[in-house]
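Each residue takes its place number in the sequence, starting with 1.
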Amino acid sequence: QVQLVESGGGLVQAGGSLRLSCAASVRTFSGNVMGWFRQAPGKEREFVGAISWSGRSTSYANSVKGRFTISRDSAKNTVYLQMNSLKPEDTAVYYCAASLRGSVQDTRGYDYWGQGTQVTVSS
């Protein structure tokens, strides 16, 4: 049983930066994957990026590659999503998720989800 809580969302101007945090109630084991997803109004939830809890492996959607960076602090049971060069298209509710089976991009492969945090990018 894992509980996730996102924070750090807000309003930012295009070109700006924002860092999201995802705090887990239970420390994950090696091999678990932590993912970030986002969902805009009227759209399906889409993959943003993921990181193994070990921090050795990362994966990003092409739309955010080079702009977003995922990191983690195992001591704090926290995963971060650093978002730079934000665009209006990045506006969405961002969700943190945990996969126990090693899934990366498929939402169906994740077992636990946070409540989401709103990110709004103005032009």
**Q** Look up atom CZ in Arg72 and atom OG in Ser52, then write down how far apart they are to the nearest 0.5 Å.
**A**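 That separation rounds to 7.5 Å.
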**Q** Report the distance from atom OG of Ser122 to atom CG of Leu86, rounding to the nearest 0.5 Å.
**A** 10.0 Å
**Q** Any cation-pi pair here, Arg45 with Phe37, using under 6.0 Å and within 45°?
**A** no
**Q** Using side chain to side chain contact (heavy atoms under 4.5 Å, CB included), reason through Tyr112 and Leu100 one step at a time and then give a plain yes or no.
**A** CA-CA 9 Å; Tyr112 305 100; Leu100 304 179; 3.8 Å; yes
**Q** Report the distance from atom CD of Gln118 to atom CG of Leu11, rounding to the nearest 0.5 Å.
**A** 9.5 Å
**Q** Between atom CD1 of Ile51 and atom CG of Asn32, what is the distance when rounded to the nearest 0.5 Å?
**A**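 Ile51 CD1 to Asn32 CG: 12.5 Å, rounded to 0.5 Å.
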**Q** Side-chain contact, heavy-atom cut-off 4.5 Å: Met34 with Ile70?
**A** no
**Q** Restricting to non-hydrogen atoms, name the atom on Ala40 and the atom on Ala92 that form the minimum distance, rounded to 0.1 Å.
**A** N-CB, 3.8 Å
**Q** Working to the nearest 0.5 angstrom, can you tell me the gap between Arg67 CZ and Asp90 CG?
**A** 4.0 Å
**Q** Verify, without hydrogens or angle tests, whether Glu6 (side chain) and Gln115 (backbone) share a donor-acceptor contact under 3.5 angstrom.
**A** yes
**Q** How close do Asp73 and Tyr80 get, counting heavy atoms only, and between which atoms?
**A**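 Scanning both residues, the minimum pair turns out to be CB-CE1, 3.9 Å.
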**Q** Measure across Ser17 and Asn84 and return the closest heavy-atom pair with its distance rounded to 0.1 Å.
**A** OG-OD1, 2.8 Å
**Q** Would a distance-only check, ignoring hydrogens and angles, find a side-chain to backbone donor-acceptor pair under 3.5 Å from Ser99 to Val33?
**A** no
**Q** Show your working on side chain to side chain contact (heavy atoms under 4.5 Å, CB included) between Gln105 and Ser59 and close with a plain yes or no.
**A** CA-CA 9 Å; Gln105 298 189 176; Ser59 180; 4.3 Å; yes
**Q** Hey, mind stepping through Cys96 and Trp36 against side chain to side chain contact (heavy atoms under 4.5 Å, CB included) and telling me if it holds?
**A** CA-CA 5 Å; Cys96 176; Trp36 284 98; 4.1 Å; yes
**Q** Please identify each residue that fulfils side-chain contact (heavy atoms from CB on, under 4.5 Å) with Val119, with sequence neighbours left out.
**A**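 side-chain contact (heavy atoms from CB on, under 4.5 Å) list for Val119, sorted by chain: Leu18, Leu20, Met83, Tyr94, Val121.
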**Q** Distance from Arg38 atom CZ to Tyr95 atom OH, nearest 0.5 Å?
**A** 13.5 Å
**Q** Assigning hydrophobic clusters by single linkage (Ile, Leu, Val, Met, Phe, Trp, Tyr; side-chain heavy-atom cutoff under 4.5 Å), is Val93 placed with Tyr110?
**A**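 Yes: a chain of side-chain contacts under 4.5 Å links Val93 to Tyr110.
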